[in-house]
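Here the structure is laid out as structure tokens; the discussion comes afterwards.
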Amino acid sequence: MSTDAWIGGLMESLSGAGATAEQAPGLSPARLIAIDPGAWGVLGEVAARHGCRWVAGWGEDMGESIRINACFEKAGAYLLARTAVPRAHPVLPSHTPVFPAADRPERHTQDLLGVSFSDHPDARRWTRHQAWKTSEHPLRRNFPVSGHPPEKTPPDHQYPFLLAQGSGVCEIPVGPVHAGIIEPGHFRFQAVGETVLNLEQRLGYVHKGIEKLAEGRDAEGLARLAGRISGDSTVAHAWAACMAMEKAGNITAPPRAAWLRALMCERERVANHLGDIGAMLNDIAFSFGFYHFARLREDWQRVSREAFGHRFMMDCIVPGGVAPDLPPRFIAAMRDEARALRKQIGKLMAIINDLPSVADRVRGAGVLKPEYARALGCVGYVGRASGMDSDVRRDAPYPPYDRLQVAVPVHHYGDVNARARTRLEEMAVSFDLIEALLAGLPAGPIRAPWPPPAADAEGLGLVEGWRGEILSFVRFGADGRIARFFARDPSWTTWPALELLIRDNIVPDFPLCNKSVNGSYSGHDL
Amino acid sequence: MLRILGKIQRLGIITEPLPEPDRAALEQVGEQLKARIGEIFGGSLAIREVDAGSCNGCELEIQALNNPYYGIERFGVHFVASPRHADLLLVTGPVSRHMEAALRRTYDATPEPKLVIAVGECGANGGEFGVNYASCGAVANVLPVDAVIRGCPPTPLSLMLGLLEAIGRRRVGAPGEKAD
């Protein structure tokens, strides 16, 4: 359970910096503070001294000023700090010098809102390629959703990548179109022989304007859009967005809806872990394992479709509750299914664990040191395989997890093996949760009425998706329509980790290391 | 090794025969096109999948075509790593503006004769994203598109039926058998 004692200490340290606590029930569990823009850098330093994790940062054009938010977490307690800079001169100290996790999010805010972070160590563009100009900022109010794109958008081939020089250094550009059936992004490797000296990522290729598109949508429209931030996390993102909207409107989803949401979310977690364990085995050329896990994933998705009408359970979570109810026969069917799957995985892993050729590839590959995971604020299985003991379901529990026991597997080696083990153990936890959810599923309605939230009402959603903590923020405008939506996919915290964990590994191990992290491109690019 | 072989033998073959579709899986594909494809590509079709801005939902279902239930390779359909080896581009969308140049280049790198199938609601019409400052919308706004497989995302079955219909090789209940 969360303990927010540190927030008092932090406020004391900030007493000279004009920090004031504000009331914002919709933003719970986070506590809101307002602070002067000049003290923004001090805030970062104080939060770093208190051992906080930098969770997310986003901005909003408020007309005369641009509002900037940064969210911190420690021991399951969240703090949302807020400041404002004049629209005419939007300059603010950066948190990146003390929190590497703030690097790319601040550059995203720079590209989309035109805020300069004065002491940011790397002011290169990040989300912006060539679809809009340096002088244009899509999230400003005066920027139309249609923008002013060129007739054909040129490639972003002038991006200044880091260079490595010296004898024997070669550069390997990969992507954006990758060899497999996967999402697009660019990887620039510098290697000596087969050994990776450095990897630099260039993302943003699948930026679709989600934050801008959200503006003016109604609640149902936002839930649909959030369900397509990252198709593999459709349940978790839709849940986080609906949670944020419900908190803004002080609307509580009925208990049965909360339990069904969790059932879907655990099913989503299992489906993705199954697929990725198989894909990792494929990347070490162990096709037996790949096909078996692909089979188990398919079986699992088919039951999701029978029960909820969609293989990914897309659009099943709606504002105020859930769209489909669970037909009664699935209570027993899903319980038996989970038990059978647990047994099947056990048998397969008994075979796989016995093979030195598998152990040889996954042990010691792609080590993310715990201190790096901490510095980057890595969440989900990537963080947990490197000693970060956090899980929103346990640390800041939301219904129905406030009524359930959630075990959190943690490992410390941080290699591919540790991430795979963490994910296998997380599936076992999900099976326990699924049984508990089915056994305790409350009766009653599945959707609450939806009186449109008041203008200016804000809400924060925090959900443990299969990749880790998702943060979702909404502010309503007039007529119950969205004025601002921001979603922080856990991939923002794990993509930078991939750059570090691949160093000194061999280039041919990259697919394996990448799959063991499996960041979302779409969830990151928005 | 014995345990692996034992497991393989116990499970047997789970690949499913292709069911009779209850509707045309493929929209916007003319009879003429179908005939042409069957003629040109004969018994084998090499596909280069291009995610041009998808949410990754379509990719997961396209990946599923290679799982043991669907096993699309039995129909001579395989996915290749380079557009230079491809007969067909399977493009998911919406086409983000940041992927526009890469998609055009992929198309240019694909040898003639070539086909383009747009996949998913977004690929078909822009879906939830449409045309905006960051999105070109439908694949057809960027490339000439020969056929569309809809769905959000399309299920592996509708993908498979759509693909096989496009190459004129679908014969119900006869997996692996060569259509003539």
Check: Side chain, backbone, both or neither: which part of Tyr291(A) has an atom under 4.5 Å from a heavy atom of chain B?
Finding: both

Next item on the list: Heavy-atom distances under 4.5 Å only: say whether Cys136(B) touches chain A with side chain, backbone, both or neither.
Entry: neither

Item checked: Structural part of Val142(B) lying under 4.5 Å from a heavy atom of chain A -> neither

Check: Taking side chain as C-beta onward, heavy atoms only, is Leu11(B) less than 4.5 Å from Arg295(A)?
Finding: yes

Next item on the list: Tell me, for Pro155(A) versus chain B, whether the close heavy atoms (under 4.5 Å) come from the side chain, the backbone, both or neither.
Entry: both

Note to self: Any non-hydrogen side-chain atom of Ser522(A) less than 4.5 Å from a side-chain atom of Cys55(B)?
What the structure shows: yes

Next item on the list: Show your reasoning for whether side-chain hydrogen bond (donor to acceptor under 3.5 Å, both in side chains) applies to Tyr205(A) and Asp51(B).
Entry: CA-CA 10 Å; Tyr205(A) 285 92; Asp51(B) 174 342; over 6 Å; no

Note to self: I need the minimum non-hydrogen distance between Arg228(A) and Cys152(B), along with the two atoms involved.
What the structure shows: NE-SG, 3.2 Å

Next item on the list: Mind running side-chain contact (heavy atoms from CB on, under 4.5 Å) on Arg311(A) and Leu60(B) for me, showing each step along the way?
Entry: CA-CA 11 Å; Arg311(A) 287 162 57 89; Leu60(B) 291 172; over 6 Å; no

Next item on the list: Please step through salt bridge (Lys or Arg N to Asp or Glu O under 4.0 Å) for the pair Arg302(A) and Glu16(B), ending with a clear verdict.
Entry: CA-CA 14 Å; Arg302(A) 287 181 178 194; Glu16(B) 296 168 331; 2.8 Å; yes

Check: Are Leu355(A) and Ile4(B) close enough that some pair of their side-chain heavy atoms sits under 4.5 Å apart?
Finding: yes

Check: Side chain, backbone, both or neither: which part of Asp232(A) has a heavy atom under 4.5 Å from chain B?
Finding: both

Next item on the list: Kindly give the heavy-atom pair with the smallest separation between Pro150(A) and Arg97(B), and that separation in Å.
Entry: O-NH1, 4.5 Å

Next item on the list: Specify whether His98(B) and His129(A) have parallel, tilted or perpendicular ring planes, treating 30° as the upper limit for parallel and 60° as the lower limit for perpendicular.
Entry: parallel

Item checked: Working for side-chain hydrogen bond (donor to acceptor under 3.5 Å, both in side chains), residues Glu298(A) and Tyr70(B) -> CA-CA 10 Å; Glu298(A) 177 70 22; Tyr70(B) 303 105; 2.5 Å; yes

Margin query: Please classify the contact between Phe143(A) and chain B as side chain, backbone, both or neither, with a heavy-atom cut-off of under 4.5 Å.
Written below: side chain

Checklist line | Interchain contact, Phe79(B) with chain A, by part (heavy-atom threshold 4.5 Å) | finding: side chain

Next item on the list: Verify the neighbour count for atom CZ of Arg3(B): are there more than 12 heavy atoms of other residues, nucleotides or ligands below 6.0 Å?
Entry: yes

Next item on the list: Please flag which part of Ser54(B) lies under 4.5 Å from any non-hydrogen atom of chain A: side chain, backbone, both or neither.
Entry: backbone

Checklist line | Least distance between heavy atoms, Asn132(B) atom then Lys208(A) atom | finding: ND2-O, 3.2 Å

Check: Which atoms form the tightest heavy-atom contact between Gly221(A) and Glu128(B), and what is the distance?
Finding: O-OE1, 4.4 Å

Check: Would you say the side chain of Glu59(B) lies within less than 4.5 Å of the side chain of Ile182(A), judging by non-hydrogen atoms?
Finding: no

Item checked: Shortest non-hydrogen contact between Gly147(A) and Tyr133(B), atoms and distance -> CA-CB, 3.6 Å

